[in-house]
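Values reported hereafter were calculated over all heavy atoms of this structure, with side chains retained and with hydrogens, waters and symmetry mates removed. What you are looking at is a predicted structure, and each value in this text was computed from that prediction instead of being measured.
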Amino acid sequence: MKASATILLAALLVLAAAGATAAVPLPATLNLEPGLVEIKATYNGGRVLVTGTAPAGVDVVLRLTGESEDTVLSKKGRVAGVLWMNTGTVTLHNAPTAYMLYLPKALSQGTEEALDALDMGYSALRRQVEVVSPGNDQDFEFHEFVRLKKRSGLYKIHPNAVEYANNGGAQSFSCGIFAPPRMHQGDYKVDAVLVRNGVVLGVLSQTLKIREKGFPALISSLAFGHGTLYGILASLIALAAGLFMGTVFKGGKGAH
Amino acid sequence: MFHLYMPIAGNSTNVLVILAVGGGVGLLSGIFGVGGGFLMTPLLIMMGIPPTVAAASDSNQIVGASTSGTLAHYRLGNVDFKMGILLLIGGVAGGTVGVQIIKVLRASGNADFLITVTYVIMLGFVGSYMFVESLQGLRKNRVASTEPVARKESGYARFMKSLPWQTRFEKSGIEVSYLMPLLLGTLVGILAAIMGVGGGFIMVPVMVYLLRMPMHVVVGTTLFQILFTCVNVTIMQASTNHTVDFVLAVMLLAGSTIGAQFGARISRKMGGDQLKILLAALVLIVMVKMLVSLLVPPSIMLAFKGGH
């Protein structure tokens, strides 16, 4: 289940200060352990250790991105001047189900703008997501969407999360990632973004698979594949449980 | 530890917490003959379960709780099957009409506002009326008397007697026309469908004040009726929206079926007016909660869709 990739990046190392460019091979690796997280009956989130190597002096930012989906949300607004109610819908196209950044210490003090310059963070995400709603509040609505996602733990920026260790000429990095139980089964892209002097040198990618197994997989396949049968079975089991409990109580506590 | 994964809700939860929530709501269900969706659904949403899944799985567990409660009340002689079936037929017809009405209302724009305001006003009116009426009852007569037969011969009573097809409902000890439960059932069905609630809260006062049934029989009979309503909702939700989480429902069931048994026993020990005044307080609490949620600005201006 160990996923690994050793990619020799033929990225151009931009010597920004000199304004010159030079092709420098960039040896780097990215591993996920495990690469597959299984959701079983007692699942309460999964831990994944991300490790890899990068050239010395290069910072590594880890970015976890869920599959893109369309999300329809209710918008709250004032009605009759005093009552807060659902007043319409907001649709977000191409918003990832999860978005998490894991920053090294060197980049943890930076601002949202600094992350944006690296094409990461919520401002960068805003450019990718299309917000469809009446009115001109799309930026505000995206901001509220991010707050909603943050509250459910699916969007988060973790400072001081990536740690380095010297390993000969290269440096190795490591970071523990926790996949909360709300991260549904699916494929999640884990990128290691290599940064030096505020410039992205290259990106390594791996796929983290989250899959239901055993009882949860059985329930899901029944619920989505045979909805009516599932509903009838669920009702019958509930009925039987009610009858059973009624019988148990009759035997156990008759007098009153 | 003690966590179980709910595949349809897409989250995990602590088993002990869900058992406790189920037990508490089952207890209320057994005492008052209400489904408890008004309490359970918001609690589940607070625990991170999507609103649509919370509402649908709650319906599934109410099947179990109301079976358990109906059985307990049946043994105590509190279920009027004849009345329950008539109300149920009316309820199904009303529900079907209500779903169509809501479509028309939604298309017209301001539906949500009208529905919510009507709901709050109705809960406030019903709750206050029950509260005052049962308080007067308690003051007048310390011994619990549930038969409201000594009322004055009002226009309403004369109207009831003038209807054709009069029949006697033995368990309830009343004689009314077949038309009354059918019509009232339809009315409650329409309201319940429009407001997206189970209807226990509307049905209980209707049975007490408009059908003049004794409070204990009302509780048992409502539970019998809720059982069928929720079987219908569970199957519909599972087949069309895929929002019933069986793992969640089973955990809730384990708590609520036990709670309902104790609830039925507590209900039996209380007088009719005591039961009514407590239910009135519960109705008023729900009304205040709704009012607060309407008046206080939300912390986030967007919300996931669904729920009650």
Side-chain angles (χ1 to χ4, degrees), chain A residues 39-45 72-80 82-87 89-90 140-141 144-145 147-148 151-152 180-184 212 215-217 219-220 222-224 227-228 230-235 237-250 253 256, chain B residues 1 3-8 10-12 48 60-72 75 110 112-113 116-117 227 230-231 234-242 244-247 249-250 253-254 257-258 260-261 265 268-269 293-305:
Chain A
I39 297 178
K40 294 178 182 168
T42 56
Y43 179 74
N44 191 27
V72 183
L73 299 168
S74 300
K75 188 183 180 183
K76 302 276 178 187
R78 266 195 164 148
V79 178
V82 283
L83 303 178
W84 289 94
M85 298 181 56
N86 294 337
T87 50
T89 57
V90 175
F140 173 72
E141 283 153 7
E144 293 299 281
F145 167 73
R147 287 183 64 206
L148 204 60
R151 189 184 271 187
S152 55
R182 281 193 207 201
M183 272 171 61
H184 302 171
E212 288 175 352
F215 189 63
I219 293 284
S220 284
L222 251 180
F224 291 102
T228 309
Y230 173 76
I232 293 170
L233 279 176
S235 298
I237 291 172
L239 249 162
L243 286 172
F244 172 74
M245 217 49 96
T247 316
V248 166
F249 270 73
K250 187 196 177 189
K253 199 181 171 199
H256 59 98
Chain B
M1 199 173 153
H3 276 79
L4 274 183
Y5 184 75
M6 305 168 287
I8 311 302
N11 202 352
S12 73
N60 188 5
Q61 78 80 21
I62 293 173
V63 172
S66 54
T67 305
S68 173
T70 304
L71 201 63
R75 290 208 187 97
N110 244 347
D112 283 343
F113 173 73
T116 314
V117 170
L227 161 62
C230 285
V231 166
T234 303
I235 296 173
M236 296 290 279
Q237 291 280 16
S239 59
T240 52
N241 298 326
H242 310 290
V244 175
D245 194 305
F246 183 64
V247 177
V250 164
L253 258 177
T257 46
I258 298 171
Q261 288 289 330
R265 283 170 166 76
R268 186 63 182 172
K269 282 180 183 151
S293 72
L294 282 173
L295 293 174
V296 176
S299 62
I300 297 182
M301 291 297 166
L302 293 178
F304 294 109
K305 298 190 100 175

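- Here R78(A) pairs with nothing under the salt bridge (charged side-chain N to carboxylate O under 4.0 Å, His left out) rule; sequence neighbours left out.
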Start with the C-alpha distance between K75(A) and N86(A), add both sets of side-chain angles, then the distance that settles side chain to side chain donor-acceptor pair (under 3.5 Å), and finish with yes or no. CA-CA 5 Å; K75(A) 188 183 180 183; N86(A) 294 337; over 6 Å; no
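- Note on ring orientation: taking the six-membered ring where Trp is involved, the planes of Y43(A) and Y5(B) are perpendicular (angle over 60°, cut-offs 30° and 60°).
- Note: P297(B) leads P297(B), S66(B), A260(B) in heavy-atom pairs under 4.5 Å with chain A.
- Taking 4.5 Å as the limit, some side-chain heavy atom of V63(B) sits within range of a side-chain heavy atom of L227(B).
- In this structure, the portion of I39(A) lying under 4.5 Å from any heavy atom of chain B is its side chain and not its backbone.
- Most heavy-atom pairs under 4.5 Å with chain A, from the set I62(B), V296(B), N241(B), T240(B): that is V296(B).
- Contact tally against chain B (heavy-atom pairs below 4.5 Å) for A217(A), A238(A), G231(A): the top residue is A238(A).
- Counting only heavy atoms from C-beta outward, the side chains of I8(B) and H242(B) never approach each other to under 4.5 Å.
- Both the backbone and the side chain of I300(B) have a heavy atom closer than 4.5 Å to some heavy atom of chain A.
- Contact of the L83(A) side chain with the L295(B) side chain is registered, since non-hydrogen atoms from C-beta on lie closer than 4.5 Å.
- Considering only heavy-atom pairs separated by less than 4.5 Å from chain A, the leading option among T70(B), V231(B), V244(B) is V244(B).
- Looking at S220(A), both its backbone and its side chain come within 4.5 Å of chain B, counting heavy atoms on both sides.
- When each of L222(A), I232(A), T87(A) is scored by its heavy-atom pairs under 4.5 Å with chain B, the top score falls to I232(A).
- For E212(A), the part lying near chain B is the side chain, with the backbone staying farther off; criterion is any non-hydrogen pair under 4.5 Å.
- Between P298(B) and E144(A) the shortest side-chain heavy-atom distance does not fall below 4.5 Å.
- Contacts of L71(B) with chain A are made by side-chain atoms alone, with heavy-atom separations under 4.5 Å and no backbone atom involved.
- Interface residue F140(A): only side-chain heavy atoms are found under 4.5 Å from chain B.
- Y230(A) places a side-chain N or O within 3.5 Å of a backbone atom of F246(B) that can act as its donor or acceptor partner.
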